[in-house]
Engineer: 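If you scroll down you'll find the structure; I have some questions about it.
Predicted model, so just to flag it, every value in this text is computed and none were measured.
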Amino acid sequence: MILPGRYMRRHRRPGHDYGEAFLYDLRFDDGGRPRADCVLNMPAYRDAKILVTDSDFGCGSSREGAAFAVMDFGLKALIGPSFAEIFQGNCIQNGIPAIALPEQAVHALWRQLRAKPGSEITIDLPNQKVIAPDGTAFTFDISPLRKDRLIRGIDDIDVTLQYRDAIESFESKRRAAIPWLPTQPRPGKQLQKLTGANSARGDHS
């Protein structure tokens, strides 16, 4: 539902990403017309950066494309009572905090957003707090490792590259000790330097 399967064949690239496909069947009718009852089509929420969801958001959307759709739509964070585990991990890996709050806290956020459309929610990631429009603070749990990576804007590749010198030293000693093992890329293949592409900030509002 987050990313309809028919869009999975689309080659994702700048200017032709998954933003249009995000929750497409909820946002549009069979004729491709925006649904008036979809909150994301309402002017006050059209440019929202934080989506407050219901329980088990992302269930059935374990492909990374679902997280790409969230990102391409322009969302910076998700808040809900619970998230599908794989989907949540994919979001965080791509720099999108998927924050679980108690159901009553989420309902309080809904009430305030409905009462004052366009009001703001702030996510204080370093202090692990969600600040509601009325100033109420809700604390949330997050893995220290994931929190650190979100704040620093890094992913698994960036973390690996921090150990580049140690890896190169190990490989050099390995080649010297076992010289008969292949050390060059296969013909026609080139090794490419991989760098992380995530972008995350400490505060999301």
Side-chain angles (χ1 to χ4, degrees), residues 2-3 18-19 22-23 39-40 42-59 61-62 64-163 194-205:
I2 292 177
L3 177 64
Y18 290 159
F22 176 68
L23 295 176
V39 67
L40 292 174
M42 299 177 184
Y45 306 109
R46 196 168 292 151
D47 297 321
K49 301 303 179 186
I50 299 174
L51 182 63
V52 184
T53 75
D54 208 340
S55 301
D56 298 327
F57 190 75
C59 185
S61 297
S62 59
E64 195 170 18
F68 291 159
V70 173
M71 180 168 56
D72 292 345
F73 189 71
L75 294 171
K76 302 298 184 184
L78 304 173
I79 298 173
S82 60
F83 296 91
E85 184 176 0
I86 295 176
F87 171 76
Q88 184 181 37
N90 286 339
C91 283
I92 293 175
Q93 184 69 7
N94 283 280
I96 305 166
I99 295 167
L101 289 180
E103 195 169 77
Q104 58 268 31
V106 173
H107 288 180
L109 294 175
W110 285 348
R111 286 193 297 270
Q112 293 180 43
L113 292 173
R114 291 192 186 107
K116 189 178 180 182
S119 53
E120 293 187 354
I121 293 173
T122 298
I123 298 176
D124 181 351
L125 186 55
N127 294 307
Q128 297 180 208
K129 293 181 180 180
V130 171
I131 313 299
D134 68 356
T136 303
F138 302 103
T139 59
F140 62 88
D141 294 326
I142 186 171
S143 157
L145 179 64
R146 286 179 165 177
K147 173 182 172 180
D148 176 68
R149 293 186 182 186
L150 284 169
I151 291 174
R152 296 168 61 197
I154 62 175
D155 61 11
D156 289 346
I157 295 173
D158 294 308
V159 171
T160 301
L161 290 175
Q162 292 176 1
Y163 299 93
L194 299 177
T195 58
N198 289 347
S199 177
R201 294 181 298 175
D203 288 344
H204 297 264
S205 60

Engineer: To the nearest 0.5 angstrom, please state how far the CD1 atom of I96 sits from the CD atom of Q88.
Structural biologist: 12.0 Å

Engineer: Would you give the length of the straight line joining atom CD1 of I131 to atom CD of E120, rounded to the nearest 0.5 angstrom?
Structural biologist: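 Rounded to the nearest 0.5 Å, the CD1-CD separation comes to 12.5 Å.
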
Engineer: Got a donor-acceptor contact below 3.5 angstrom from the Q112 side chain to the A132 backbone?
Structural biologist: no

Engineer: Are L3 and F68 close enough that some pair of their side-chain heavy atoms sits under 4.5 Å apart?
Structural biologist: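 No, their side chains stay 4.5 Å or more apart.
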
Engineer: Could you grab the distance from atom CG of N90 to atom CD of E85, nearest 0.5 Å is fine?
Structural biologist: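 Output value for this atom pair is 11.0 Å.
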
Engineer: Does F83 reach the side chain of I92, with side-chain heavy atoms less than 4.5 Å apart?
Structural biologist: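 When only atoms from C-beta onward are counted, I92 and F83 do not touch, as no gap falls below 4.5 Å.
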
Engineer: In the structure I gave you, are the side-chain heavy atoms of I123 and I79 within less than 4.5 Å of one another anywhere?
Structural biologist: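 Side chain of I123 against side chain of I79, heavy atoms only: contact under 4.5 Å found.
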
Engineer: Rounded to the nearest 0.5 Å, how far apart are SG of C59 and CD1 of I2?
Structural biologist: 9.5 Å

Engineer: Kindly give the heavy-atom pair with the smallest separation between A100 and P81, and that separation in Å.
Structural biologist: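 What the structure gives for the nearest pair is CB-O, 3.8 Å.
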
Engineer: As an exercise, state the distance from CZ of F140 to NZ of K129, rounded to the nearest 0.5 Å.
Structural biologist: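 Between F140 CZ and K129 NZ, I get 10.5 Å after rounding to 0.5 Å.
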
Engineer: Below 4.5 Å, heavy atoms only, C-beta onward: do T139 and Q128 meet side chain to side chain?
Structural biologist: no

Engineer: Got I142 and I99 here, is their nearest side-chain heavy-atom distance under 4.5 Å?
Structural biologist: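 A side-chain contact is absent here, since even the closest heavy-atom pair is not under 4.5 Å.
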
Engineer: Classify the angle between the aromatic ring planes of F22 and F73 as parallel (below 30°), tilted (30 to 60°) or perpendicular (above 60°).
Structural biologist: tilted

Engineer: Using modelled atom types and a 3.5 Å cut-off, is there a donor and acceptor pairing between side-chain atoms of D124 and backbone atoms of N127?
Structural biologist: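 It does hold such a pair.
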
Engineer: Please find the pair of heavy atoms, one from W110 and one from T53, that lie closest to each other, and give the distance.
Structural biologist: CZ2-O, 3.3 Å

Engineer: Near I86 CD1, under 6.0 Å, is it more than 12 heavy atoms from other residues, nucleotides or ligands?
Structural biologist: no

Engineer: Using only atom types and a distance under 3.5 Å, with no angle test, would you say the side chain of D72 pairs donor to acceptor with the backbone of A69?
Structural biologist: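 No.
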
Engineer: Check whether any side-chain heavy atom of I154 lies under 4.5 Å from a side-chain heavy atom of Q162, and answer yes or no.
Structural biologist: yes

Engineer: Which residues satisfy the side chain to side chain contact (heavy atoms under 4.5 Å, CB included) test with L113, sequence neighbours excluded?
Structural biologist: Y45, V52, S119, I121, P133

Engineer: Look up atom CG in L150 and atom OG in S143, then write down how far apart they are to the nearest 0.5 Å.
Structural biologist: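 OG of S143 is found 9.5 Å from CG of L150.
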
Engineer: Would you say that more than 12 heavy atoms from the other residues, nucleotides or ligands in this model lie under 6.0 Å from the NZ of K147, or not?
Structural biologist: yes

Engineer: Where the side chain of K76 meets the backbone of I50, is there a donor-acceptor pair that is under 3.5 Å apart?
Structural biologist: no

Engineer: Can you confirm whether V70 sits close enough to N94 that some side-chain heavy atom of one is under 4.5 Å from a side-chain heavy atom of the other?
Structural biologist: no

